[in-house]
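Remarks on the structure that follows.
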Amino acid sequence: MRDGSLFIAIVGARVDGHKFAADVLKSGAVAVLAEKTIDGPHVLVDSVVDALAAYGLSIRRGFKGPVIGITGSAGKTSTKEFAAAALAPLGGVLKSHGNRNTEYTSPLTWSEATPSTASAVIEMAMR
(Lines give C-alpha, C1' and ligand atoms only; values in the text may rest on other atoms or scores of the structure.)
Protein backbone atom coordinates (compact mmCIF):
# COMPACT_ATOMS: atom_id res chain seq x y z
CA MET A 1 0.00 0.00 0.00
CA ARG A 2 1.48 3.33 -1.05
CA ASP A 3 0.96 6.37 1.15
CA GLY A 4 -1.96 8.43 -0.07
CA SER A 5 -3.83 5.48 -1.59
CA LEU A 6 -7.53 4.77 -1.44
CA PHE A 7 -8.16 1.20 -0.31
CA ILE A 8 -11.12 -0.52 -1.95
CA ALA A 9 -12.86 -2.88 0.46
CA ILE A 10 -14.16 -5.73 -1.67
CA VAL A 11 -16.40 -8.38 -0.18
CA GLY A 12 -15.39 -11.71 -1.67
CA ALA A 13 -16.68 -15.24 -1.30
CA ARG A 14 -14.18 -16.00 1.47
CA VAL A 15 -12.71 -12.67 2.57
CA ASP A 16 -14.23 -9.30 3.42
CA GLY A 17 -11.89 -6.42 2.59
CA HIS A 18 -13.50 -4.32 5.33
CA LYS A 19 -11.62 -6.47 7.87
CA PHE A 20 -8.35 -4.94 6.62
CA ALA A 21 -9.47 -1.30 6.84
CA ALA A 22 -7.74 -0.45 10.13
CA ASP A 23 -4.46 -2.01 8.98
CA VAL A 24 -4.37 -0.25 5.60
CA LEU A 25 -5.19 3.10 7.18
CA LYS A 26 -2.25 2.61 9.57
CA SER A 27 -0.08 1.65 6.58
CA GLY A 28 -0.68 4.91 4.72
CA ALA A 29 -4.05 4.70 2.96
CA VAL A 30 -5.91 8.00 3.25
CA ALA A 31 -9.36 6.43 3.12
CA VAL A 32 -11.35 3.32 2.34
CA LEU A 33 -14.03 2.92 -0.31
CA ALA A 34 -16.50 0.83 1.66
CA GLU A 35 -19.97 -0.67 1.62
CA LYS A 36 -20.03 -0.82 5.43
CA THR A 37 -19.30 1.83 8.03
CA ILE A 38 -15.79 1.44 9.40
CA ASP A 39 -13.66 3.27 11.95
CA GLY A 40 -11.57 5.86 10.18
CA PRO A 41 -11.86 7.91 7.01
CA HIS A 42 -14.02 6.24 4.41
CA VAL A 43 -16.32 6.85 1.49
CA LEU A 44 -19.51 4.89 2.12
CA VAL A 45 -21.23 3.61 -1.03
CA ASP A 46 -24.10 1.22 -1.64
CA SER A 47 -22.02 -0.77 -4.11
CA VAL A 48 -18.25 -0.68 -4.70
CA VAL A 49 -18.80 -2.08 -8.21
CA ASP A 50 -21.26 0.70 -9.07
CA ALA A 51 -19.00 3.37 -7.55
CA LEU A 52 -16.01 2.18 -9.57
CA ALA A 53 -18.10 2.01 -12.73
CA ALA A 54 -19.27 5.61 -12.20
CA TYR A 55 -15.68 6.72 -11.57
CA GLY A 56 -14.39 5.07 -14.75
CA LEU A 57 -17.30 6.42 -16.77
CA SER A 58 -16.68 9.97 -15.55
CA ILE A 59 -13.14 9.82 -16.95
CA ARG A 60 -14.23 7.99 -20.12
CA ARG A 61 -16.80 10.68 -20.95
CA GLY A 62 -14.07 13.30 -21.13
CA PHE A 63 -11.80 11.19 -23.33
CA LYS A 64 -11.89 12.15 -27.01
CA GLY A 65 -9.63 9.51 -28.58
CA PRO A 66 -10.60 6.14 -30.04
CA VAL A 67 -11.53 3.44 -27.55
CA ILE A 68 -11.54 -0.29 -28.21
CA GLY A 69 -13.25 -2.64 -25.76
CA ILE A 70 -12.14 -6.27 -25.83
CA THR A 71 -14.28 -9.07 -24.40
CA GLY A 72 -14.86 -12.75 -25.07
CA SER A 73 -14.20 -16.16 -23.63
CA ALA A 74 -10.61 -16.59 -24.85
CA GLY A 75 -7.82 -14.52 -26.35
CA LYS A 76 -8.73 -11.17 -24.77
CA THR A 77 -5.29 -10.32 -23.46
CA SER A 78 -3.47 -11.14 -26.70
CA THR A 79 -6.06 -9.27 -28.74
CA LYS A 80 -5.71 -6.27 -26.41
CA GLU A 81 -1.95 -6.24 -26.97
CA PHE A 82 -2.35 -6.43 -30.78
CA ALA A 83 -4.91 -3.61 -30.78
CA ALA A 84 -2.68 -1.44 -28.57
CA ALA A 85 0.26 -2.00 -30.92
CA ALA A 86 -1.89 -1.00 -33.89
CA LEU A 87 -2.95 2.23 -32.14
CA ALA A 88 0.57 3.14 -30.98
CA PRO A 89 1.32 5.37 -34.02
CA LEU A 90 -1.45 7.72 -32.80
CA GLY A 91 0.45 8.40 -29.54
CA GLY A 92 0.15 7.13 -25.99
CA VAL A 93 -2.11 4.10 -25.57
CA LEU A 94 -3.98 3.45 -22.34
CA LYS A 95 -4.48 -0.27 -21.90
CA SER A 96 -5.45 -2.71 -19.19
CA HIS A 97 -2.43 -4.19 -17.40
CA GLY A 98 -1.91 -7.90 -17.90
CA ASN A 99 -5.27 -9.61 -17.78
CA ARG A 100 -6.94 -7.20 -15.36
CA ASN A 101 -10.45 -7.32 -16.73
CA THR A 102 -12.82 -7.52 -13.77
CA GLU A 103 -15.63 -5.23 -12.79
CA TYR A 104 -13.15 -3.70 -10.33
CA THR A 105 -10.04 -3.32 -12.46
CA SER A 106 -11.47 -2.29 -15.84
CA PRO A 107 -12.89 1.03 -14.53
CA LEU A 108 -9.66 1.73 -12.63
CA THR A 109 -7.68 1.54 -15.86
CA TRP A 110 -9.14 4.95 -16.77
CA SER A 111 -7.41 6.54 -13.78
CA GLU A 112 -4.09 5.97 -15.58
CA ALA A 113 -5.00 8.21 -18.53
CA THR A 114 -2.67 11.18 -18.98
CA PRO A 115 -2.79 14.24 -21.23
CA SER A 116 -0.62 12.33 -23.73
CA THR A 117 -3.07 9.41 -23.94
CA ALA A 118 -4.32 9.32 -27.52
CA SER A 119 -6.30 6.05 -27.50
CA ALA A 120 -7.46 3.31 -25.15
CA VAL A 121 -7.84 -0.46 -25.24
CA ILE A 122 -9.84 -1.82 -22.33
CA GLU A 123 -10.11 -5.55 -21.63
CA MET A 124 -13.39 -6.61 -20.02
CA ALA A 125 -14.51 -9.94 -18.63
CA MET A 126 -17.71 -11.40 -19.99
CA ARG A 127 -19.54 -11.47 -16.69
Side-chain angles (χ1 to χ4, degrees):
M1 173 76 44
R2 291 189 318 230
D3 285 352
S5 295
L6 173 70
F7 179 75
I8 301 169
I10 297 171
V11 178
R14 289 178 263 155
V15 179
D16 183 347
H18 294 85
K19 293 180 180 180
F20 303 101
D23 290 337
V24 298
L25 290 169
K26 288 177 189 170
S27 297
V30 294
V32 176
L33 182 64
E35 295 176 353
K36 304 173 185 178
T37 301
I38 61 159
D39 290 333
H42 63 285
V43 178
L44 185 62
V45 296
D46 291 332
S47 166
V48 166
V49 171
D50 290 348
L52 290 174
Y55 171 72
L57 181 59
S58 70
I59 298 169
R60 166 63 181 102
R61 284 188 172 144
F63 186 74
K64 303 299 181 207
V67 177
I68 297 175
I70 308 286
T71 191
S73 58
K76 293 182 297 294
T77 302
S78 296
T79 302
K80 174 202 63 182
E81 294 298 329
F82 290 133
L87 291 170
L90 299 177
V93 179
L94 173 68
K95 64 180 182 175
S96 307
H97 293 285
N99 64 349
R100 294 182 187 167
N101 60 26
T102 71
E103 60 272 25
Y104 303 103
T105 56
S106 290
L108 290 173
T109 299
W110 285 103
S111 66
E112 298 172 11
T114 67
S116 66
T117 301
S119 60
V121 182
I122 309 297
E123 183 177 339
M124 302 168 287
M126 288 182 49
R127 62 176 192 281

Could you tell me if the side chain of Leu25 sits less than 4.5 Å from the side chain of Phe7, heavy atoms only? no
Any sub-3.5 Å donor-acceptor pair from Ser78's side-chain atoms to Gly75's backbone N or O? no
Assigning hydrophobic clusters by single linkage (Ile, Leu, Val, Met, Phe, Trp, Tyr; side-chain heavy-atom cutoff under 4.5 Å), is Val67 placed with Tyr55? yes
Closest non-hydrogen atom pair between Pro66 and Ala118, with its separation: CD-O, 3.3 Å
Below 4.5 Å, heavy atoms only, C-beta onward: do Leu52 and Glu103 meet side chain to side chain? no
Where Ala51 and Val45 come nearest, the two heavy atoms and their spacing: CB-CG1, 3.9 Å
What pairs of residues pass the salt bridge (charged side-chain N to carboxylate O under 4.0 Å, His left out) test when at least one of them lies in residues 59-83, not counting sequence neighbours? Lys80-Glu123, Glu81-Lys95
Got Ile122 and Trp110 here, is their nearest side-chain heavy-atom distance under 4.5 Å? yes
For Ala34 and Ala9, which heavy atoms make the closest approach, and how far apart are they? CA-CB, 4.4 Å
Of all the heavy-atom pairs spanning Gly69 and Met124, show the shortest one and how long it is. CA-CE, 3.5 Å
Is there a donor-acceptor pair closer than 3.5 Å between any side-chain N or O of His18 and the backbone N or O of Glu35? yes
Just verifying a value: how many Å separate Tyr104 OH and Ile10 CD1, rounded to the nearest 0.5 Å? 5.0 Å
Each residue besides Val30 in its hydrophobic cluster should be listed here, by chain and number; the cluster joins Ile, Leu, Val, Met, Phe, Trp and Tyr at side-chain heavy-atom distances under 4.5 Å. none
To the nearest 0.5 Å, what is the distance between CG (Leu57) and CG (Asp50)? 11.5 Å
Separation between CG of Leu33 and CG of Leu6, rounded to the nearest 0.5 Å: 5.5 Å
Of all the heavy-atom pairs spanning Thr117 and Leu94, show the shortest one and how long it is. CG2-CB, 3.6 Å
Other hydrophobic cluster members with Ile68, side-chain heavy atoms of Ile/Leu/Val/Met/Phe/Trp/Tyr under 4.5 Å, chained? Ile70, Leu87, Leu90, Val93, Val121
